[in-house]
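Please read the structure below before turning to the comments.
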Amino acid sequence: MKFSLILATVGRTDEVARFLASLDAQDYRNFELIVIDQNDDGRLAPLLQVYQDKFKFLHVRSARGLSRARNVGLKLAGGDVIAFPDDDCWYPPGLLAKVAGVLRANPDIDGVTGRFTDGDGRSEGRWLGRSMLLNRYNIWRGAISFSIFLQRRVVDAVGQFNASLGVGAGTPWGASEETDYLLRSLQHGFKLKFLNDLILHHPVKTVDFDEGARNRQQKYEAGIGRVMRMNDYPFWYFPAACLRTCCGIVLALVRLDLPRARFKYVSVMARMRGWRG
């Protein structure tokens, strides 16, 4: 079972070096790394040169945009399992062996997803409390792009990512391109499973509810609302999906936590903009 790992990257060096080191530390060696380089300089060349005799990789360039980069990678991927590591994530020891073992033991499963911590046990978001099959309602708590591992038959059927979604797309919809992809996979009848014990590593981004966090969250939430509308969620689902955040606004105000309240308010308004499209 061969893995194709499609790594889109721009603007990062130390983080890419950390990922490469974590990949080289994997005991499972049947993989290829496809680096989709969106930098304007040659910063990645010396990093990759270190590993040229250690594992197989391709280094290509593409136009800006996360979904565009992944689409380039999909055309080049030759593996049996396709994954999409972020350029600031890293793999714990034994990860690829664990995924391969699960997929071999469960041939009826078309893909698996996991969750993440920052390496010190901290995480963010509300993850599903146990392993389970994904559906269109629980998928929002059961997947993040760099934790997705899909069998080749899935990507052959679903095709490319929607280039209007995701970071760098040039649209207001700055996230949820991977959720859209998984929703389309489910529509094809594929069986995807969230594994609560499949844990990858990634920095926790929202530590302070400052302006930078609010700006980032607006793009994420607009993407969420857009993907919900594009995938024909029933009208009742959207207010239900916003209810918890609205309650969070009230609770933050009661506690006089104004930065958190503003952050959550911005989140709801951005999701509404995405829903309206």
Side-chain angles (χ1 to χ4, degrees), residues 1-62 64-74 76-79 81-100 111-125 143-150 161 166-168 175 177-178 181 195 198-207 216:
M1 182 178 289
K2 179 181 177 180
F3 287 82
S4 290
L5 310 173
I6 300 173
L7 176 72
T9 181
V10 61
R12 290 189 170 120
T13 303
D14 292 344
E15 295 89 341
V16 175
R18 179 176 59 190
F19 175 77
L20 293 172
S22 77
L23 189 56
D24 189 44
Q26 296 295 305
D27 51 356
Y28 190 96
R29 306 302 291 182
N30 191 9
F31 64 83
E32 63 178 2
L33 174 65
I34 303 173
V35 180
I36 313 298
D37 187 349
Q38 298 182 315
N39 294 294
D40 297 325
D41 55 31
R43 71 182 64 194
L44 296 185
L47 299 180
L48 292 170
Q49 187 176 8
V50 173
Y51 297 96
Q52 61 183 355
D53 297 323
K54 296 185 177 183
F55 54 77
K56 180 180 179 182
F57 64 82
L58 297 174
H59 180 198
V60 299
R61 293 185 179 272
S62 81
R64 292 287 178 95
L66 181 55
S67 291
R68 294 186 188 96
R70 287 174 175 163
N71 288 339
V72 170
L74 287 175
L76 299 172
V81 179
I82 318 297
F84 310 95
D86 277 359
D87 61 356
D88 58 347
C89 83
W90 64 103
Y91 287 171
L95 177 78
L96 294 182
K98 181 179 180 67
V99 173
V112 296
T113 68
R115 56 191 180 92
F116 80 94
T117 71
D118 65 356
D120 293 322
R122 295 182 304 172
S123 189
E124 59 186 334
I144 193 165
S145 61
F146 55 87
S147 77
I148 295 170
F149 297 84
L150 299 176
F161 285 82
V167 176
E177 73 290 338
E178 80 277 23
Y181 201 91
L195 303 176
L198 184 65
I199 302 174
L200 295 83
H201 296 314
H202 188 278
V204 171
K205 295 294 184 69
T206 306
V207 178
R216 184 173 60 249

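The minimum heavy-atom distance between Gly73 and Ile34, with the atom names listed, is O-CD1, 3.8 Å. The minimum heavy-atom distance between Gly11 and Asn39, with the atom names listed, is N-OD1, 2.6 Å. Val10 approaches Gln38 most closely through the heavy-atom pair CG2-O, 3.5 Å. Ala77 and Ile82 get closest at one heavy-atom pair: CB-CD1, 3.9 Å. Nearest heavy atoms, Ala100 versus Tyr28: CB-CE1, 3.7 Å. Heavy atoms only, all atoms of each residue included: Gly114 and Ser147 are closest at O-OG, 2.9 Å.
In this structure a side-chain-to-backbone donor-acceptor pair under 3.5 Å is missing from Arg18 to Thr13. Looking at Gln26, its side chain does come within 3.5 Å of a backbone N or O of Leu95 through a donor-acceptor pair. Between the side chain of Thr113 and the main chain of Ile148, no donor-acceptor pair closer than 3.5 Å is present. Between the side chain of Glu177 and the backbone N or O of Leu66, no donor-acceptor pair lies under 3.5 Å. Judged by distance alone, with hydrogens and angles left aside, the side-chain atoms of Arg70 form no donor-acceptor pair with the main-chain N or O of Glu178 at under 3.5 Å. Asn30 contributes a side-chain N or O that, together with a main-chain N or O of Met1, makes up a donor-acceptor pair within less than 3.5 Å.
Salt bridge Arg61/Asp41: absent, no basic N to carboxylate O contact under 4.0 Å.
With respect to Thr117, the side-chain contact (heavy atoms from CB on, under 4.5 Å) criterion is satisfied by exactly one of His201, Arg122, His202: His201. Put simply, the residue from Tyr91, Phe146, Trp90 that forms a ring-ring contact (aromatic ring centres under 6.0 Å, His included) with Phe19 is Tyr91. Just one residue in the list Asp88, Asp86, Asp37 forms a salt bridge (charged side-chain N to carboxylate O under 4.0 Å, His left out) with Arg12, and that residue is Asp88.
Expressed to the nearest 0.5 Å, how far CG of Leu200 lies from CD1 of Ile144 amounts to 9.5 Å. Rounding to the nearest 0.5 Å gives a distance of 5.5 Å between CG of Leu48 and NE2 of His59. For the atom pair CZ of Arg115 and CD1 of Ile199, the computed distance is 4.0 Å after rounding to the nearest 0.5 Å. Leu74 CG to Ile36 CD1: the interatomic distance, rounded to the nearest 0.5 Å, is 9.0 Å. With values rounded to the nearest 0.5 angstrom, Tyr181 atom OH is found 10.5 Å from Ser67 atom OG.
For Lys2, the NZ atom is densely surrounded, since the number of other residues' heavy atoms within 6.0 Å is greater than 12.
Close placement of the Phe84 and Phe161 rings is indicated, their centers lying within 6.0 Å of each other.
Using a 4.5 Å heavy-atom threshold, the side chains of Asp87 and Glu15 count as separate. With contacts defined as side-chain heavy-atom distances shorter than 4.5 Å, the pair Phe31/Leu23 qualifies. In this structure, Leu20 and Val50 have side chains that are not in contact, with every pair of non-hydrogen atoms separated by 4.5 Å or more. With a 4.5 Å cut-off on side-chain heavy atoms, Asp40 and Arg64 count as touching.
With sequence neighbours excluded, no residue forms a ring pair (Phe, Tyr, Trp, His ring centres under 6.0 Å) with Phe57.
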